[in-house]
Amino acid sequence: MATLSNYLILVAFLLATAIETISATEEQESLFECRRHMNSHCGNKIVDVLSSQKKNKVSRECCYKIVQMGYSCHSRLTLFVSQTNAELRSKNSTHVMAKNDVIFNKCDQATKPESWQYLSNCVVKIGAKCGKQIFEKQVDSKHKVTKHCCQKLVKMGESCHINLAKALIRTPEMRDVDAIQFLHNSKKIFDQCRDLE
Ligand SMILES: *[C@@H]1O[C@H](CO)[C@@H](O)[C@H](O)[C@H]1NC(C)=O
């Protein structure tokens with residue numbers, strides 16, 4: 001049997017972890033480490049939503065941050081601010097933590113890739129060699145994608161490509177990647193390959 005490429009290992013790994021949510025790596029993380037996965041814009045936004053009665057929606061950008069950070073970090077940060085933030089401290093903490101879960105679940109739904117089955121079909125279509133090439137360009141646009149791989153990408157289809165990107169975003173290795181930028185790059189790569197045809 002041929003040796004598996006890193007890309008396939010990465011994909012196999014992500015498929016195992018992406019459907020659930022990231023949880024394995026974050027168990028021992030300190031609050032300080034959790035904080036590093038969040039930026040102040042989204043942090044403030046989440047506190048706003050937690051402390052308001054209104055159905056204040058979390059943006060797509062901040063939803064990706066929450067999902068990438070993982071449920072355990074998200075909840076621990078909420079618990080921390082619920083005890084330190086003046087506005088939140090006056091609220092019933094049971095209600096605050098319930099809202100914490102609602103936010104996480106909504107964000108999980110809003111950023112979720114298609115099913116395992118769907119994704120593995122896409123991986124088979126693109127193959128390990130081209131998959132790796134495209135992944136490298138998604139991470140760093142200086143990389144090149146050959147014409148052959150471009151054709152395979154277009155044949156696989158945009159929906160597969162974007163769903164694979166959404167799944168990759170959920171892997172532990174990609175936790176601190178800017179998800180919106182990554183998706184934007186992904187779309188651009190697809191458009192460029194399609195225009196090549
Ligand atoms: C907080 O809310 C829960 C559920 O609504 C209630 O059972 C509990 O008594 C409340 N706690 C306080 C301190 O008001």
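Count residues from 1 along the sequence. Both ligands and their constituent atoms are indexed starting at 1 by order of listing.
In this structure, atom 7 (O) of ligand 1 has its sub-4.0 angstrom surroundings free of protein heavy atoms. Of the protein's heavy atoms, at least one falls inside 4.0 Å of atom 3 (C) of ligand 1.
Looking at Y71 and D108, their side chains never bring a donor and an acceptor atom within 3.5 Å of each other. Donor-acceptor pairing under 3.5 Å is lacking for the side chains of S30 and R35.
In terms of protein heavy-atom proximity, atom 9 (O) of ligand 1 is closest to N92 ND2, 4.9 Å.
Interface of H95 with ligand 1, defined as ligand atoms under 4.0 Å from a residue heavy atom, comprises 2 (O), 4 (C), 5 (O).
Residue T111 forms a side-chain hydrogen bond (donor to acceptor under 3.5 Å, both in side chains) with just one option from R170, Q68, K166, K106, and that option is R170.
Cys pair C34/C73: SG-SG separation is below 2.5 Å.
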